[in-house]
A.B. asks: 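The structure is given below, and queries will be raised subsequently.
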There are 2 protein chains.
Amino acid sequence: MTSSNKQTQTDKLAAEIGDAILSGVLTPGTRLDEHRLAEQYAVSRTPVREAIRSLAATGLVELRPRRSAVVAEITPAQLEIMFVAMGELEATCARLSAMSMTPIERRRLQNQHERMGALVESDDVAGFIEANLTFHGLIYAGSHNGILADMAVGLRRRLGPYRRAQFRSPGRLPRSQAEHDRIMQAIVSGDAATAHAAMLNHVSLVEDTFIGLTATRAA
Amino acid sequence: MTSSNKQTQTDKLAAEIGDAILSGVLTPGTRLDEHRLAEQYAVSRTPVREAIRSLAATGLVELRPRRSAVVAEITPAQLEIMFVAMGELEATCARLSAMSMTPIERRRLQNQHERMGALVESDDVAGFIEANLTFHGLIYAGSHNGILADMAVGLRRRLGPYRRAQFRSPGRLPRSQAEHDRIMQAIVSGDAATAHAAMLNHVSLVEDTFIGLTATRAA
DNA sequence: CCGGGCAATATTGCATGCAGTTTCTATATT
DNA sequence: AATATAGAAACTGCATGCAATATTGCCCGG
């Protein structure tokens, strides 16, 4: 009883096509030909159509009646807006976390932060990146608000391809760790306003990195 | 060339079924039988299926593989979370508005607020409710962030059925107007932190009204 | 009288086919 | 040579049909 057999073809297709878009296999502007996709995944057009419609709801593809669906284009302006939105959502989650995390959750966040300190010492970039996801994930969860957390997770996922290089610049790891320290301290001590401000500051700096990235890509 | 003919059946169905859910015609827990819906709207099952999948992505219906889709249940806990999320989004939009509204937008917000003052004087509840939507809409738009604005609009739409009675309690109109005044002043003067706090306070009070409402419904 | 198992029914998931529209191409005209 | 136009090919939107799975009702045993 494989787990992949439990969900429908449509769901599997939506996941696969979505991953293909997020991983860059399907680039923005690419037409999603139903026939071609059906043939490619060895199914009929029906589940392909339904999968495309699901993806359209998430904003990954654009649906134009009577014309082919296309992979959604992201303009630099749109990217900017998405980064701002994500920053605000992260900050909001940090604020709520400061107010409503349980003692266990606060402890867990603190532990995670300390663990990341060791990764900074050993300059383990890959390990830090993964631990960083966990750190931010703990804050999403700590908000105790699934809706805001889902929004943040969705945006982070969507922005993933544009954030790849963010920890490669020298000195970024210790700086991130210092910013995390402020955030973590504020959350653990229940200081909502500081948690909000510190997180906003943190993600704004990340955003700066992204702007450099897009400039590179646009050149 | 009727405008209704331009969009596909699927889109029309998604809109109609969505409205049916939001307006309470289809109550939470109702099974969405594809045959029945197809017959009811005089189309085949295919567009119905696609419409349901669209609605599932918006959270209006819950999709369970191999079982009927059902209108999503909203538990009181879920409602609470949605109201909190919406409050945070509103407050964030107010914050961003204070930072990035154009002079014209600030002026427009001020005008709208003053217009609402007259409605309070004449105790025009219906007029105030509509103007209130515009007021908040101006703040969404003023954030200059379509993503956050869309999230806020979507949540407001979703919560609509649970907010109906909020302005009926005596003295609510003048109180709302006073709260709006603080928000408007902060935004116009560019005081982001105060705008955030004032909006959060404002919507929290609205939430209080909602809690009374659910208590009534639950009894 | 009540609960479990089995058959009948109903319903979903997917494939396929057809009609209408869009898009591409090639030809003709300026 | 460039553009407009007509025809053809391709693609989407929708309907229908079939197989697989869930649900319901019924019968039997305890």
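Below, chains carry the letters A, B, ... as their sequence lines are ordered, and counting in each starts from 1.
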A.B. asks: With a 3.5 Å distance limit and no angle check, can you tell me whether A:R106 reaches the backbone of A:Q110 through a side-chain donor-acceptor pair?
C.D. replies: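 Flag not set: sc A:R106 to bb A:Q110 has no pair under 3.5 Å.
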A.B. asks: Starting at atom CZ of A:R36, determine the distance to atom P of D:dA10, rounded to an integer number of angstrom.
C.D. replies: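 Atom-to-atom, A:R36 to D:dA10, this comes out as 12 Å.
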A.B. asks: Nearest heavy-atom pair of A:V48 and A:L37: which atoms, and what distance?
C.D. replies: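 Smallest heavy-atom distance, with atoms named: CG1-CB, 3.9 Å.
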A.B. asks: Rounding to a whole Å, what distance do you find between A:R49:CZ and D:dT12:P?
C.D. replies: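 After rounding, the reported distance stands at 8 Å.
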A.B. asks: Measure all distances between protein nitrogen or oxygen atoms and nitrogen or oxygen atoms of nucleotides 8-11 of chain C, and list the pairs falling under 3.5 Å.
C.D. replies:
residue : atom : partner : partner atom : Å
C:dT11  : OP1  : B:D33   : OD2          : 3.2
C:dT11  : O5'  : B:D33   : OD2          : 3.3

A.B. asks: Checking B:E114 side chain against B:N111 main chain: does a donor-acceptor pair fall under 3.5 Å?
C.D. replies: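 It does not hold such a pair.
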A.B. asks: Find the bend of the helix from C:dC1-D:dG30 to C:dT30-D:dA1 as the angle between its two terminal axes (five pairs each), to the nearest 10°.
C.D. replies: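 The angle separating the two end axes equals 10°.
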A.B. asks: Under the rule for side-chain contact (heavy atoms from CB on, under 4.5 Å), what residues qualify as partners of B:H113, not counting sequence neighbours?
C.D. replies: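 By the side-chain contact (heavy atoms from CB on, under 4.5 Å) rule, B:H113 matches B:F135, B:Q177, B:H180, B:D181, B:M184.
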A.B. asks: Could you verify whether a donor N or O on one side chain and an acceptor N or O on the other, from A:N201 and A:S204, lie under 3.5 Å apart?
C.D. replies: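 Short answer, no.
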A.B. asks: Keeping the roles fixed (side chain from B:T30, backbone from B:L26), state whether a donor-acceptor pair exists under 3.5 Å.
C.D. replies: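 Not confirmed, B:T30 side chain does not pair with B:L26 backbone.
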A.B. asks: Verify the neighbour count for atom CD of A:E39: are there more than 12 heavy atoms of other residues, nucleotides or ligands below 6.0 Å?
C.D. replies: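 Not more than 12 within 6.0 Å, no.
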A.B. asks: Without decimals, in angstroms, what is the distance between B:R64 CZ and C:dG13 C1'?
C.D. replies: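 Value for this atom pair: 15 Å.
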A.B. asks: Please report the distance, rounded to the nearest Å, between CD in A:E39 and P in D:dT12.
C.D. replies: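 Going from CD in A:E39 over to P in D:dT12 covers 13 Å.
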A.B. asks: Over all heavy atoms of both residues, which pair between A:P65 and B:D11 is shortest? Give the atoms and the distance, please.
C.D. replies: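 Taking every non-hydrogen atom into account, CG-OD2, 4.4 Å.
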A.B. asks: A:R66 has an atom CZ; how far is it from atom P of D:dA10, in whole Å?
C.D. replies: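 Roughly 19 Å, once rounded to whole Å.
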A.B. asks: Can you give me every donor-acceptor pair (side chain of residues 147-161 of chain B, partner residue at least two apart or in another chain, under 3.5 Å) with its distance?
C.D. replies:
residue : atom : partner : partner atom : Å
B:R157  : NH2  : B:D19   : OD1          : 3.2
B:R158  : NH2  : B:G59   : O            : 3.4

A.B. asks: Just distance, no hydrogens or angles: give the donor-acceptor pairs under 3.5 Å from side chains in residues 82-89 of chain A, sequence neighbours left out.
C.D. replies:
residue : atom : partner : partner atom : Å
A:E88   : OE1  : B:R95   : NE           : 3.4
A:E88   : OE1  : B:R95   : NH2          : 3.4
A:E88   : OE2  : B:R95   : NH2          : 2.5

A.B. asks: Does B:I129 reach the side chain of B:V125, with side-chain heavy atoms less than 4.5 Å apart?
C.D. replies: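 A side-chain contact exists here, since the closest heavy-atom pair is under 4.5 Å.
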A.B. asks: Please write out each protein N/O paired with an N/O of nucleotides 15-17 of chain C under 3.5 Å, distance rounded to 0.1 Å.
C.D. replies:
residue : atom : partner : partner atom : Å
C:dA15  : OP1  : A:S44   : N            : 3.3
C:dA15  : OP2  : A:S44   : N            : 2.5
C:dA15  : OP2  : A:S44   : OG           : 2.5
C:dA15  : O5'  : A:S44   : OG           : 3.4
C:dA15  : N7   : A:T46   : OG1          : 2.9
C:dT16  : O4   : A:T46   : OG1          : 3.2

